[in-house]
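Here's the structure, in structure tokens; my notes come after.
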Amino acid sequence: MPNTHTNTDRLPTGASRFSVVLIASGFQVTATSRLVASKYAAEDAREFLPNWNYTVDAVHPAAGEQPTRSVKTEPITVQVKESTPDGGRARLYTCDASITITVDAADAFSAGEIALQRVCEPLRLAEHLASYRDKAFWDKLLPVARAPFEQMAEVLRRRGFEAVVCAGGEAGPRTLAIEVTDDGERVGTFTLVKCSGAAADAEAAQRPRLSAGLHFAGEHDIEVSSTPAAGPDLWHNDTQVTTSDIACLDLDAFDELFDVVLDQREEARAAAAPAAYA
């Protein structure tokens, strides 16, 4: 039997093959039953394929599978979820749709990017990629940052302050923060933040060089930030991140950063004191 594989089935040098599951969540259809809703949802999922809000649900090795030729012919799986009354016999059904795209990529993270590029409408691609990269950043960072944040809070307590670690902060819910008070008086908040560095080349311009930093915002409009040093890209790939990779999580550096906060706090309080008695 002749070999039916074409050259396009061969893996590029340095690449592996992955299957990427993309999910379009929470779109709605109006129907009189779940069966009819499933039919309508499948039709809508196919018709508006490039226009949904997609998330990368899973990425799996796909050695031996064929790469996706056209997303338009790939099967779409629809899940009909809860419904609410929508007048008469009709109900409004909430649905999810998933499609699996098989691609060749340098690593699993890049496979997710390529799958989004294959499916998404070009004008919305940047938005989808930014969301995918942001989730990857925090999914890597938060598990390794929790323990150092607890240690930072303990450093503050040893220095005579009250400190509470909490989720969220000024940077949004997907981060960590330390609320600092002094004998019940608010001092301010340390927040773990995402920092974007300067682009070094064309690829970096598309994939901003990211790092983690600390930002303090406190009373008297005090703001102090750590300045992450330039380093390797830890986020836009399959690299496993450890505490030692994140400079802002170093306890000695944090102690020095808090010294700067206290100096600025004293200066601000001294400047405010004459005004209070004017």
Side-chain angles (χ1 to χ4, degrees), residues 1-25 45-46 49-50 52-77 79 96-122 124-145 174 194 196-197 199-212 230-246:
M1 179 179 293
N3 183 3
T4 59
H5 289 278
T6 66
N7 290 335
T8 56
D9 296 335
R10 297 174 184 172
L11 284 169
T13 302
S16 299
R17 189 157 292 168
F18 299 91
S19 287
V20 182
V21 180
L22 299 180
I23 300 287
S25 301
R46 178 67 64 191
L49 182 65
W52 300 117
N53 292 322
Y54 287 101
T55 58
V56 176
D57 183 63
V59 181
H60 304 291
E65 297 185 23
Q66 296 300 305
T68 297
R69 305 295 185 203
S70 171
V71 298
K72 295 180 180 179
T73 59
E74 288 297 313
I76 296 176
T77 301
Q79 179 184 10
D96 292 348
S98 66
I99 183 171
T100 300
I101 309 298
T102 302
V103 300
D104 298 333
D107 52 42
F109 178 86
S110 300
E113 290 183 317
I114 294 171
L116 288 170
Q117 291 166 359
R118 294 286 303 275
V119 174
C120 295
E121 199 275 327
R124 302 191 63 198
L125 177 59
E127 173 188 348
H128 282 82
L129 290 176
S131 177
Y132 174 56
R133 292 164 181 167
D134 183 71
K135 182 178 184 301
F137 176 87
W138 291 111
D139 283 353
K140 280 189 175 186
L141 178 58
L142 290 179
V144 301
R174 286 185 59 81
K194 180 176 68 173
S196 296
D201 51 36
E203 180 181 3
Q206 296 177 356
R207 281 179 164 187
R209 183 59 59 90
L210 303 178
S211 57
D233 181 12
L234 304 173
W235 316 103
H236 297 144
N237 46 51
D238 294 350
T239 301
Q240 296 298 309
V241 175
T242 64
T243 302
S244 60
D245 295 319
I246 315 299

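Below, each value reflects all heavy atoms present in this structure, side chains not excepted, and no hydrogens, waters or symmetry copies. Treat the numbers as computed from the prediction; the structure is a model and nothing was measured.
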Is a donor on one side and an acceptor on the other found under 3.5 Å between the side chain of Thr68 and the backbone of Thr102?
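The answer is yes, because a donor-acceptor pair under 3.5 Å joins these two groups.
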Has Asp57 got a side-chain atom pairing as donor or acceptor with Val21's backbone, closer than 3.5 angstrom?
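Such a contact is absent between Asp57 side chain and Val21 backbone.
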Flag the pair [X] / [Y] as yes when at least one side-chain heavy-atom distance between them is below 4.5 Å, and no otherwise.
X: Leu234; Y: Ile246; value: yes
X: Leu129; Y: Glu113; value: yes
X: Trp52; Y: Val119; value: no

Checking Arg124 against Asn53 for the side-chain contact (heavy atoms from CB on, under 4.5 Å) test, could you report, in this order, the C-alpha distance in whole Å, the side-chain angles of both residues, the deciding distance, and whether it holds?
CA-CA 9 Å; Arg124 302 191 63 198; Asn53 292 322; 2.2 Å; yes
Quick one, Ser196 with Leu210, criterion side-chain contact (heavy atoms from CB on, under 4.5 Å). Give me CA distance, side-chain angles, the key distance, then yes/no.
CA-CA 5 Å; Ser196 296; Leu210 303 178; 3.5 Å; yes
Which atom of [X] lies closest to which atom of [Y], heavy atoms considered:
X: Arg17; Y: Glu65; answer: NH1-O, 2.8 Å
X: Ile101; Y: Leu22; answer: CG1-CD1, 4.4 Å
X: Ala111; Y: Val59; answer: CB-CG1, 4.2 Å
X: Arg118; Y: Ser70; answer: NH2-N, 4.0 Å
X: Arg46; Y: Lys72; answer: NH1-O, 2.8 Å
X: Pro75; Y: Ile99; answer: O-CG1, 3.8 Å

How many angstroms lie between atom NZ of Lys194 and atom CG of Leu141, to the nearest 0.5 angstrom?
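Reported to 0.5 Å precision, the distance equals 11.0 Å.
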Say you draw a straight line from CG of Asn237 to OG of Ser110; how long is it, rounded to the nearest 0.5 Å?
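Output value for this atom pair is 7.5 Å.
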Residues which pass salt bridge (Lys or Arg N to Asp or Glu O under 4.0 Å) with Asp245, listed by chain and number, not counting sequence neighbours:
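Residues passing salt bridge (Lys or Arg N to Asp or Glu O under 4.0 Å) with Asp245: none at all.
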Test Thr239 against Lys140 for side-chain contact (heavy atoms from CB on, under 4.5 Å), laying out the working first.
CA-CA 9 Å; Thr239 301; Lys140 280 189 175 186; 4.1 Å; yes
Checking side-chain contact (heavy atoms from CB on, under 4.5 Å) for the pair Leu49/Tyr54: CA distance, chi angles, key distance, verdict?
CA-CA 10 Å; Leu49 182 65; Tyr54 287 101; 3.2 Å; yes
Where do Phe109 and Tyr132 land on the ring pair (Phe, Tyr, Trp, His ring centres under 6.0 Å) test, with the steps shown first?
CA-CA 9 Å; Phe109 178 86; Tyr132 174 56; 4.8 Å; yes
